[in-house]
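Remarks on the structure that follows.
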Amino acid sequence: MRAMTVRVRFAPSPTGFLHIGSVRTALFNWLYARHTGGTFILRIEDTDVARNTPESLRTILDGLRWLGLEWDEGPEKGGPHGPYFQSQRAAIYRRYVEQLQRSGHAYEREGALWFRMPREPITVPDLVAGPVTRQPTDREAADPDFVIVRRDGQPVFHLVNVVDDIEMRITHVIRGEDHLSNTPKHLALFRALGVTPPAYAHIPMILNADGSKMSKSDPDPSKARLASLATYIADGFVPEAVRNYLCLLGWSPKDDRQIMTIEEVIERFDLPQILRANARFDVTKLTWMNGEYLRAMSLERFAELAQPFLPKPVPLSVLALVKEKIKLLKDLPEWVGWAVTEEIEFDPVAVEKVGRGPALAAKLEALASQFATTTEWSAVALEDALKRLATQRGVKPAEFIHPCRLAVSGRAIGPSLYPMLEALGRERVLTRLARAAKVLGQ
RNA sequence: GGCCCCAUCGUCUAGUGGCCUAGGACGUCAGAUUCUCAAUCUGAAAACACGGGUUCGAUUCCCGUUGGGGCUGCCA
């Protein structure tokens with residue numbers, strides 16, 4: 001007996017930004033396809049003409065590719081079961097609608113076409129939640145039937161979703177738990193059409209940190225931002241980190257691993273391990289993970305990813321200094337500012353911390369004359385020079401280190417001091433020491 | 001309101017009746033790194049929602065309560 005080849009699909013609606021929860025759904029589908037050697041299909045559910053936009057479609061395609069979730073069949077790719085836009089499949093839906101009418105499963109009412117829902121409860125054999133049997137709600141008790149073709153002739157979600165899953169030979173439907181309540185309708189449709197339904201796996205939702213629903217239209221703008229994948233791209237998260245973090249939301253490798261290569265995840269991922277409980281999105285942990293990925297990657301890749309975040313080119317030697325420190329690429333400008341701007345702005349908080357006035361000026365001037373005579377301009381030699389000066393004055397090196405950092409970078413935090421000085425070069429360091437002594441010396 | 005799903009540290013999770021004085025990670029706090037830091041290292045505090053059962057024994061099984069989430073559109 002040969003197992004049926006797995007065919008899964010991600011079926012977004014191009015009506016806005018790509019939701020981070022949708023991304024996780026796409027990821028789980030993709031992982032399952034890769035784990036089983038199956039096929040990952042992208043299908044665009046654009047039956048609601050009024051709400052679809054081309055930009056939104058672009059966002060979906062780019063977003064999936066950014067994460068490395070390439071589809072095997074779908075837009076810009078083709079495949080044997082196209083077209084992959086529901087707006088182009090009207091003839092197919094019509095065929096199925098006619099079949100339902102002929103077999104007496106559908107009838108017209110108020111200009112729309114309604115599906116005759118079975119009166120007895122339907123059990124969903126869900127791979128994650130187990131068998132789920134729904135009792136009829138108040139509404140359903142009054143009238144369990146539902147619309148499958150609108151008055152304007154457009155077929156609705158429940159119908160097209162099922163028809164396409166049939167036509168595209170979908171074997172497993174992995175989707176958000178918000179669809180669990182819809183599933184009996186879909187099962188009834190399959191039954192009426194005389195087709196064996198796919199297996200269902202409803203995955204838990206991703207919620208905000210406060211447990212509320214992640215919504216792109218949340219009245220709180222900071223929450224609304226977090227719901228969109230675009231935010232993470234813009235803030236300088238790297239795809240591997242976002243993907244890794246998402247893998248750990250609702251799925252667990254069952255050991256203590258946090259950072260995993262995608263190959264490892266593909267190897268271990270399977271439906272039975274998916275958790276039943278909703279998970280909250282912890283952007284802080286994602287940020288930590290992003291820093292881990294940034295530090296672990298090659299300098300070349302770091303430079304490549306950094307490029308869009310830098311107003312002007314920055315030498316690799318400088319990027320190397322901040323690569324180990326930074327967590328988000330969007331913070332790059334302020335971390336490398338010392339290397340690309342001569343007009344250093346002094347951070348008030350840093351000035352407060354280090355101090356100002358004649359005492360500071362004296363230290364900076366001493367430093368300047370010390371560095372002016374340093375023969376070899378290297379991190380090691382500079383460290384040696386600074387420490388000699390401190391010893392001469394009978395103070396701790398820190399007494400000179402902090403003012404020096406402030407003078408050359410304007411900040412209290414940043415890369416290690418001596419490599420920073422080395423990268424800057426003698427001339428710029430001396431200029432900055434003099435300027436800082438003047439500006440902060442009063 | 002009705003229906004459905006869910007419930008271990010603040011968060012993500014390990015745990016499928018005794019190995020649990022409940023493990024890991026993020027975050028937090030405290031030290032260390034006699035240069036900062038959102039880096040690194042070390043350590044600490046921190047959880048089985050509640051009430052009934054079942055059992056020799058429950059975080060683990062059952063029921064209820066409470067709490068959270070979802071659905072309840074001629075949206076998807």
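Residue numbers start from 1 in every chain, and the chains themselves are labelled A, B, ... in the order their sequence lines are given, proteins ahead of strands.
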Mind calculating the distance between [atom1] ([X]) and [atom2] ([N]) to the nearest angstrom?
X        : N     : atom1 : atom2 : value
A:Asn182 : B:G73 : CG    : P     : 11 Å
A:Leu286 : B:A25 : CG    : P     : 18 Å
A:Leu248 : B:U11 : CG    : P     : 17 Å
A:Met260 : B:U13 : CE    : P     : 15 Å
A:Leu328 : B:C37 : CG    : P     : 20 Å
A:Glu292 : B:A25 : CD    : P     : 12 Å
A:Asp143 : B:C74 : CG    : C1'   : 13 Å
A:Ile60  : B:A76 : CD1   : P     : 14 Å

Looking at [X], does any N or O in its side chain come under 4.0 Å of the phosphate oxygens OP1/OP2 on [N]?
X        : N     : value
A:Ser252 : B:C12 : no
A:Lys254 : B:U13 : no
A:Lys285 : B:G27 : no
A:Lys330 : B:A38 : no
A:Lys327 : B:A39 : yes

Could you check which of [options] has an atom nearest any side-chain atom of [X]?
X        : options             : value
A:Leu417 : B:U36, B:U13, B:C35 : B:C35
A:Arg150 : B:A76, B:A38, B:G70 : B:A76
A:Ser13  : B:A76, B:G15, B:C74 : B:A76
A:Lys213 : B:U36, B:C26, B:C71 : B:C71
A:Ile401 : B:C12, B:A38, B:C35 : B:C35
A:Glu334 : B:U40, B:C74, B:A38 : B:A38
A:Glu45  : B:A39, B:U36, B:A76 : B:A76

Presence of salt bridge, [Y] and [X], under 4.0 angstrom:
X        : Y        : value
A:Glu240 : A:Arg301 : yes
A:Asp218 : A:Arg225 : no
A:Asp143 : A:Arg109 : yes
A:Arg43  : A:Glu45  : yes
A:Glu73  : A:Arg9   : no
A:Glu108 : A:Arg151 : no
A:Lys387 : A:Glu383 : yes

- Quiz item: cation-pi between A:Arg405 and A:Trp338, 6.0 Å / 45°: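 Cation-pi check for A:Arg405 and A:Trp338: fails.
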- Message: Between B:U36 and A:Lys325, counting only base atoms on the nucleotide and side-chain atoms on the residue, is there a donor-acceptor pair under 3.5 Å?
- Response: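 In this structure, the two groups form a donor-acceptor pair.
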Nucleotide paired to [N] in any strand shown, Watson-Crick or G-U, under 3.5 Å:
N     : answer
B:C74 : none
B:G27 : none
B:C35 : none
B:U16 : none
B:A49 : B:U65

Can you tell me how far [atom1] in [N] sits from the matching atom in [M], rounded to whole Å?
N     : M     : atom1 : answer
B:U66 : B:C74 : P     : 32 Å
B:C71 : B:C61 : C1'   : 29 Å
B:U16 : B:U72 : C1'   : 34 Å
B:A38 : B:U34 : C1'   : 22 Å
B:G43 : B:C48 : P     : 25 Å
B:A58 : B:C50 : P     : 15 Å
B:C3  : B:U59 : P     : 32 Å
B:A45 : B:G10 : P     : 15 Å

Once you apply a heavy-atom cut-off of 4.0 Å, does [X] come out as touching a base, just sugar-phosphate, or nothing?
X        : value
A:Asp126 : nothing
A:Gln258 : base
A:Ala279 : sugar-phosphate
A:Tyr418 : base
A:Gly250 : sugar-phosphate
A:Glu110 : base
A:Gly414 : base
A:Arg295 : sugar-phosphate
A:Pro12  : nothing

- Query: Passes salt bridge (Lys or Arg N to Asp or Glu O under 4.0 Å), A:Asp145 versus A:Arg119? Steps please.
  - Reply: CA-CA 9 Å; A:Asp145 298 350; A:Arg119 307 291 119 148; 2.5 Å; yes
- Message: When you compare the side chain of A:His172 with that of A:Asp165, does any pair of heavy atoms fall below 4.5 Å?
- Response: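 Answer no - side chains too far apart.
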- Message: Below 30° counts as parallel, above 60° as perpendicular, anything between as tilted: where do the rings of A:Phe371 and A:Trp377 land?
- Response: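 Rings of A:Phe371 and A:Trp377: perpendicular, as their planes differ by over 60°.
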- Task: Keeping to residues at least two apart or across chains, list the side-chain hydrogen bond (donor to acceptor under 3.5 Å, both in side chains) pairs with something in residues 274-287 of chain A.
- Result: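 Output for this query lists A:Gln258-A:Lys285.
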- Message: Looking only at the side chains, is there a donor atom on one of A:Tyr107 and A:Gln101 sitting less than 3.5 Å from an acceptor on the other?
- Response: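 The criterion, which ignores hydrogens and geometry beyond distance, is not satisfied for A:Gln101 and A:Tyr107.
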- Of residues 15-32 of chain A, the positions that come close to RNA chain B - non-hydrogen atoms, cut-off under 4.0 Å: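 Output list: empty, so none.
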- Would you say A:Gln392 has more than 12 foreign heavy atoms packed within less than 6.0 Å of its CD?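 Buried by this count: over 12 neighbours within 6.0 Å.
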- Task: By nearest nucleotide on RNA chain B, pick out whichever of A:Val147 and A:Tyr245 is the more 5' one.
- Result: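 Upstream on the strand: A:Tyr245.
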- Message: On RNA chain B, compare the nucleotides closest to A:His158 and A:Lys396; which residue's is nearer the 5' end?
- Response: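 By nearest-heavy-atom nucleotide position, the 5'-most residue is A:Lys396.
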- Query: Taking protein heavy atoms under 4.0 Å as touching, what does nucleotides 1-10 of chain B look like 5' to 3' if B marks base contact, S marks sugar-phosphate-only contact and - marks none?
  - Reply: -BSSSSS---
